[in-house]
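Contents: one structure, followed by commentary.
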Amino acid sequence: MKFENRQQPRIVYMGTPEISAIVFKGMLDAGFNIVGLVCNEDRPIGRKGALECPATKKIAMEHGIPVFQPHRIRNDYQTLADWNPDVVVTMAYGQIVPQAVLDIPRFGCINLHGSLLPKLRGAAPIQRSIMQGDTVTGVTLMEMVDKMDAGRMYDKIEVEILPEDNYSSLAEKIGNAAKELILRDLLSYLNGELPGEAQNEEEVTFAAKISPEDEKLSFHSPVQSFVNMVRGLSLTPGGYVLLEGKKFKILSAKAHSDEVVAVPGTIVSDKKGIFVQCEDGIVSLHMVQMEGKKPMDAKSFVNGVRDLKGKVFE
RNA sequence: CGCGGGAUAGAGCAGCCUGGUAGCUCAUCAGGCCCAUAACCUGGGGGUCGGUGGUUCAAAUCCAUCUCCCGCAA
């Protein structure tokens with residue numbers, strides 16, 4: 001049989017955060033028959049311990065779509081099986097999907113991955129692409145197999161990374177590209193019109209999850225790599241350095257000059273901003289956030305601190 | 001009761017411990033200097049000091065309580 005329209009296939013969508021919600025909502029708006037959402041559990045967010053539900057769950061509730069939030073999909077997937085999907089579409093679900101689940105839908109499980117595979121397999125492709133200074137990345141529609149991001153590739157969309165992009169802005173672009181990709185390809189995929197191609201294992205690179213250590217920035221690096229790290233971590237979680245023992249987040253920064261006039265980390269000027277020495281030049285900090293304070297532009301920060309010039313970031 | 005920081009002019013902060021009619025930097029307005037300027041000089045406007053009670057002759061400051069914001073941990 002052949003799927004003639006978007007109402008026919010029974011689709012289960014798996015995804016948790018905002019970027020995934022963009023795709024999820026896009027599919028709903030386009031008229032796909034999504035019979036259920038699988039997302040991670042509600043998590044206590046913030047200081048009050050109030051439970052916050054995933055972005056995708058909010059969309060599902062607005063559309064009256066059943067939601068399944070297994071603690072461990074590895075052991076708990078009967079609900080998904082009961083939905084009897086023809087296909088499972090995943091983006092940024094947040095858990096490893098076991099083979100037993102991959103075997104449920106007769107047309108398999110497909111995933112939208114935020115990189116141009118085989119580059120940047122893994123948990124944080126968007127952040128890592130910025131951190132390593134890439135100027136182009138993208139989204140890949142791929143088959144899910146029992147090995148992380150290793151399945152056949154069916155289609156891709158390239159996304160340009162502009163110098164002013166950070167993780168947040170790029171994630172939004174990737175989310176929209178992913179939406180476009182799934183909308184144009186899903187029926188073709190189900191009808192067997194996308195042959196796909198295997199990934200070249202020799203070109204594989206990995207995008208490791210962002211760990212707390214990754215969030216600590218160092219001025220002992222070239223200006224451009226410093227700026228790329230800041231971009232890759234912004235707006236959340238935000239890279240930081242220490243100023244007199246306190247956490248000082250740097251949410252945006254820009255290369256300023258190639259002068260070297262002090263040891264890395266030294267604030268060489270606090271006129272109209274914060275200018276800090278890096279290994280091979282000076283970086284200008286734009287948005288910053290002191291521990292316990294709101295984010296503010298560097299100029300405002302300077303107004304409230306005396307004798308900032310000459311201090312050294314750790 | 002998870003730990004901690006904070007709320008003072010449009011913005012960022014100081015003052016609070018040791019109560020006595022509010023100060024700094026920036027922005028803004030006016031004037032000046034200058035070939036010129038985002039630079040510099042002079043002067044001005046702008047604040048019920050988060051809310052509510054209490055102590056006191058007197059509260060930004062001390063006590064109680066409430067609201068909101070943020071960092072960490074999850």
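All of these numbers come straight from a predicted model, not from anything done at the bench. Here is the naming used below: chain letters follow the sequence lines, and residue numbers restart at 1 for every chain.
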Separation of [N] [atom2] from [X] [atom1] (nearest whole Å):
X        : N     : atom1 : atom2 : answer
A:Asn40  : B:A74 : CG    : P     : 17 Å
A:Phe248 : B:C72 : CZ    : P     : 14 Å
A:Leu242 : B:C72 : CG    : P     : 12 Å
A:Leu235 : B:G71 : CG    : P     : 12 Å
A:Lys246 : B:C70 : NZ    : P     : 18 Å
A:Leu308 : B:C24 : CG    : C1'   : 16 Å
A:Glu291 : B:G5  : CD    : P     : 10 Å
A:Lys271 : B:C40 : NZ    : C1'   : 11 Å

Mate of [N] where both pairing distances stay under 3.5 Å, Watson-Crick or G-U:
N     : answer
B:C72 : B:G2
B:U55 : none
B:C17 : none
B:A22 : none
B:A7  : B:U67
B:U61 : none
B:U37 : none

Show me the protein contacts with nucleotides 25-27 of chain B, counting only N or O atoms at under 3.5 Å.
from	atom 1	to	atom 2	distance (Å)
B:U25	O2'	A:Asn303	OD1	3.3
B:C26	O4'	A:Asn303	OD1	3.0
B:A27	OP1	A:Lys272	NZ	3.4

Suppose we screen for side-chain contact (heavy atoms from CB on, under 4.5 Å). Which residues come up paired with [X], at least two apart in sequence or across chains?
X        : result
A:Leu308 : A:Leu243, A:Ile267, A:Asp270, A:Ile274, A:Phe301, A:Val302, A:Val305, A:Lys311
A:Val260 : A:Gln277
A:Ala92  : A:Pro17, A:Ile19, A:Ser20

Taking 4.0 angstrom as the limit, do A:Arg128 and A:Asp134 come out as a salt bridge?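 No, no charged N to carboxylate O under 4.0 Å.
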Could you pull out all residues at least two apart from A:Arg231 that satisfy salt bridge (Lys or Arg N to Asp or Glu O under 4.0 Å)?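 Checked A:Arg231 against salt bridge (Lys or Arg N to Asp or Glu O under 4.0 Å); zero matches.
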Checking contacts here: which listed nucleotide (B:G6, B:G12, B:G71) is nearest the side-chain heavy atoms of A:Lys293?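 Nearest nucleotide to the side chain: B:G6.
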With [atom1] as the reference atom in both, quote the distance from [N] to [M] in angstrom, rounded to an integer.
N     : M     : atom1 : answer
B:A59 : B:U8  : C1'   : 14 Å
B:G5  : B:G44 : C1'   : 36 Å
B:A7  : B:U61 : P     : 12 Å
B:A60 : B:C41 : P     : 34 Å
B:C66 : B:G71 : P     : 23 Å
B:G15 : B:A9  : P     : 15 Å
B:G10 : B:C33 : P     : 32 Å
B:G4  : B:G47 : C1'   : 29 Å

Within less than 4.0 Å of OP1 or OP2 of B:G71, is there a side-chain N or O belonging to A:Gln289?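 So the side chain of A:Gln289 is within the cut-off, an N or O lying under 4.0 Å from OP1 or OP2 of B:G71.
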Would you say the side-chain atoms of A:Ser234 pair up with the backbone N or O of A:Leu251, donor to acceptor, closer than 3.5 Å?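 Checked: pair present.
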Show every ring-ring contact (aromatic ring centres under 6.0 Å, His included) that has at least one partner inside residues 141-172 of chain A, sequence neighbours left out.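 Matches after skipping sequence neighbours: A:Tyr154-A:Tyr189.
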After noting the C-alpha distance and the side-chain angles of A:Asp214 and A:Lys209, does the key distance pass the salt bridge (charged side-chain N to carboxylate O under 4.0 Å, His left out) rule? CA-CA 9 Å; A:Asp214 293 321; A:Lys209 191 176 98 178; over 6 Å; no
Atom of A:Val35, atom of A:Ile65 and distance for their closest heavy-atom approach: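 Shortest heavy-atom separation between A:Val35 and A:Ile65 comes out as C-CG2, 4.3 Å.
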